[in-house]
Amino acid sequence: MQNLSVRCASRLMRQRSTSVLATTVATGAGARRHASQSTAPSKTALYEFHQKHGGKLVDFAGYWLPVQYSDQSIIKSHLYTREHGSIFDVSHMLQTYVRGKDVISCFESICTADIKGLKNGTGTLTVFTNSAGGILDDLIVNRVADDLLYVVSNASRKSVDMANISAAVAAFKAKGKDVSVEFLSSDDQSLLAVQGPKAVAALQKLCTKDLSRLFFMNSTTDSIAGVDGCRITRCGYTGEDGVEISIPSAKAAEIAGALLEPSTGQLKLAGLGARDSLRLEAGLCLYGNDIDETTSPVEANLLWLVAKARRVENNFPGSNVINAQIKNGVTRRRVGFKMESGSAPARQHVEIYDNEQQKVGEITSGCPSPCLQQNVAMGYIREEYKKPGTEIMLKVRDKHYHSVVTKMPFVATHYYQPPK
């Protein structure tokens, strides 16, 4: 991974910059339209911290966030995360606490997770669905206790998620149920993603609890660098081991600075560019590109997010549609693609053709893979073409390039699982 030539790195860097801008437009368009009409982009608590450390700030989902830093290119930042560890500011994401003795049944009424089946202190990735079985958002829900959930969802879907959760809470309250919701403001609470093979070892030096017992999708609270009341969740969206830490915004710069200290570890700051390419190599979806209100979990190859117990209960939004798709099948499926050497990268909306020159699908995300040194992509293809090894053509700027349907993730993941 460290042997990229200068020429290759430069070319990939230019390609990645284009991809990042395209991703920014796709995921933050609604937020920025609103911002341009009424308010300027919001600042996270680390805005000045990013400027101090050479962050190149862009408007992403209505927030000023770094796309990269001056000390390394997006490619180098990507590889550094895979080899060592990086710190990402993800404070733009929506953090929510839902409370009450009826909180589990309330939240299950709008998502596909089996929260009843989770142990306290554990969490899962899930999706909000609509009545047509479409995905309103993907999110992580942590069962902190029998009467407390901690939820992290996408910034670009903040207004949709807040309305969805609020409506569910109001409906349960109208029935005399005990449930309430608290949406955390980024002014008060920040979120850092610390990702990579050396990320947790670095964080451990600042914590009091033993993080070796904190496994993937487990959550706990602890003090970090002397700051009490921080929530640490073993998760992230890079495919690497790591954590997301929820911290008081007043202490965000202090904790980020402590994590960067050489005595803590070898961590560096990373931005949106590396975060995008890392998640794509890991085969993870980006809302607004790879999943939206018109795609179902079955079509998106995310059926594992629809818990078997919930399929039987058949009582979440769109459950009849999704169960019918499970039984009868779908006409399209999200799959991965690897392109031949010398191909131009396939971005969102690139058309997919079979060998008979018939359109059979469309790309939703794509970029040069820094680890594989090869262009990769994901998208939706007709069901009969979904088998790995199927040869297809991608039309990029009126030229067709050979590609092969490939299993995802493109790069092996390293989630920290309990011993078997």
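Hydrogens, waters and symmetry mates play no part in the numbers below; they use all other heavy atoms, side chains included. By convention here, the first residue in the shown sequence is residue 1.
- F88 contributes atom CZ, which lies 6.5 Å from atom OG1 of T238 (distance to the nearest 0.5 angstrom).
- For A113 against V141, the heavy-atom pair with the smallest separation is CB-CG1, 4.5 Å.
- Taking all atoms of both residues into account, the shortest heavy-atom contact from M378 to I363 is O-CG2, 3.5 Å.
- The backbone N or O of T81 sits nowhere less than 3.5 Å from a side-chain atom of E240 that would complete a donor-acceptor pair.
- Salt-bridge annotation for E293 and R157: present, with a side-chain N of the basic residue lying under 4.0 Å from a carboxylate O of the acidic one.
- Remark: the backbone N or O of L286 is paired with a side-chain donor or acceptor of D290 at under 3.5 angstrom.
- When atom types are taken as modelled, the side chain of S186 and the backbone of H92 share no donor-acceptor pair closer than 3.5 angstrom.
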### Task
May I have the step-by-step check of side-chain hydrogen bond (donor to acceptor under 3.5 Å, both in side chains) for N154 and S156, ending in yes or no?
CA-CA 6 Å; N154 287 306; S156 64; 5.5 Å; no
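- Smallest separation of non-hydrogen atoms from E254 and A225: OE2-O, 4.0 Å.
- D241 places a side-chain heavy atom less than 4.5 Å from the side chain of R234.
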### Query
What do the steps show when you test F316 against V306 for side-chain contact (heavy atoms from CB on, under 4.5 Å), and what is the final call?
CA-CA 10 Å; F316 57 88; V306 185; 3.7 Å; yes
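- Between the side chain of S319 and the backbone N or O of N314, at least one donor-acceptor pair lies under 3.5 Å.
- Here the two rings, on F128 and F107, have centers that are under 6.0 Å apart.
- Note that the CD atom of E244 and the CD atom of Q195 stand 6.5 Å from one another [nearest 0.5 Å].
- Nearest heavy-atom pair across M93 and S153 is CB-O, 3.4 Å.
- When every heavy atom of V200 is checked against every heavy atom of G242, the shortest pair comes out as CG2-CA, 4.1 Å.
- Although no hydrogens or angles enter the test, the distance criterion places no donor-acceptor pair under 3.5 Å between the side chain of T413 and the main chain of Y415.
- Across all non-hydrogen atoms, the minimal contact from L57 to Q51 is CD1-CG, 3.8 Å.
- Around atom NZ of K76, no more than 12 heavy atoms belonging to other residues, nucleotides or ligands sit under 6.0 Å away.
- Between Y97 and Q189, every side-chain heavy-atom pair lies at or beyond the 4.5 Å cut-off.
- Residues Y416 and F216 place their aromatic rings such that the two centres sit no closer than 6.0 Å.
- Counting heavy atoms from C-beta outward, L139 and D161 have side chains that stay 4.5 Å or more apart.
- Side-chain contact check for S91 and D89: at least one donor-acceptor pair (N or O, by modelled atom type) lies under 3.5 Å.
- Atom-to-atom distance recorded for L206:CG and L259:CG is 5.5 Å, nearest 0.5 angstrom.
- The closest donor-acceptor contact from the side chain of N164 to the backbone of V160 lies at 3.5 Å or more, if one exists at all.
- For the pair Y80/H84, a side-chain contact is recorded, criterion being any heavy-atom separation below 4.5 Å from C-beta on.
- A salt bridge is absent between E261 and K205; no separation between the charged side-chain nitrogens and carboxylate oxygens falls under 4.0 Å.
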### Message
Test side-chain contact (heavy atoms from CB on, under 4.5 Å) on V405 and K386; report intermediate values, then the result.
### Response
CA-CA 7 Å; V405 175; K386 72 176 182 180; 5.6 Å; no
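- Using a 4.5 Å heavy-atom threshold, the side chains of Q374 and M339 count as separate.
- With hydrogens and angles left out, the side-chain atoms of S77 and Q68 include no donor and acceptor closer than 3.5 Å.
- Although no hydrogens or angles enter the test, the distance criterion places no donor-acceptor pair under 3.5 Å between the side chain of T233 and the main chain of C235.
- Annotation: side chain of P297 is not in contact with side chain of L305 (no heavy-atom distance under 4.5 Å).
- Listed for the T264 side chain is a donor-acceptor partner under 3.5 Å among the backbone atoms of A258.
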### Task
Would you please test Y380 and V330 for side-chain contact (heavy atoms from CB on, under 4.5 Å) and show each step?
CA-CA 11 Å; Y380 288 82; V330 292; over 6 Å; no
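- Remark: the backbone N or O of K119 is not paired with any side-chain donor or acceptor of R143 at under 3.5 angstrom.
- Taking the ring centre of Y237 as origin, the terminal cationic atom of R279 falls outside the region bounded by 6.0 Å and 45° from the ring axis.
- In this structure, V151 and Q95 have side chains that are not in contact, with every pair of non-hydrogen atoms separated by 4.5 Å or more.
- Counting non-hydrogen atoms of neighbouring residues, nucleotides and ligands closer than 6.0 angstrom, the NZ atom of K158 exceeds 12 such neighbours.
- Looking at heavy atoms from C-beta onward, Y150 lies out of side-chain contact with L148 at the 4.5 angstrom threshold.
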### Message
Is there a side-chain contact (heavy atoms from CB on, under 4.5 Å) between E313 and K116? Walk through the geometry before answering.
### Response
CA-CA 12 Å; E313 292 171 350; K116 292 190 295 291; 3.2 Å; yes
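- Annotation: salt bridge (charged side-chain N to carboxylate O under 4.0 Å, His left out) contacts involving residues 166-192, sequence neighbours excluded, comprise R99-E182.
- Atoms CD1 and SG, on I224 and C207 in that order, are 4.5 Å from each other to the nearest 0.5 Å.
- The backbone N or O of K209 sits less than 3.5 Å from a side-chain atom of D222, completing a donor-acceptor pair.
- Side-chain atoms of D146 and N120 include a donor-acceptor pair closer than 3.5 Å.
- The closest side-chain donor-acceptor pair between S296 and Q325 falls under 3.5 angstrom.
- Atom CD1 of residue I232 and atom CG of residue L214 lie 7.0 Å apart, to the nearest 0.5 angstrom.
- With 3.5 Å as the limit, one finds no donor-acceptor pair spanning the side chains of N375 and S343.
- Here the straight-line distance linking atom OG1 of T364 with atom CZ of R334 works out to 7.5 Å at 0.5 Å rounding.
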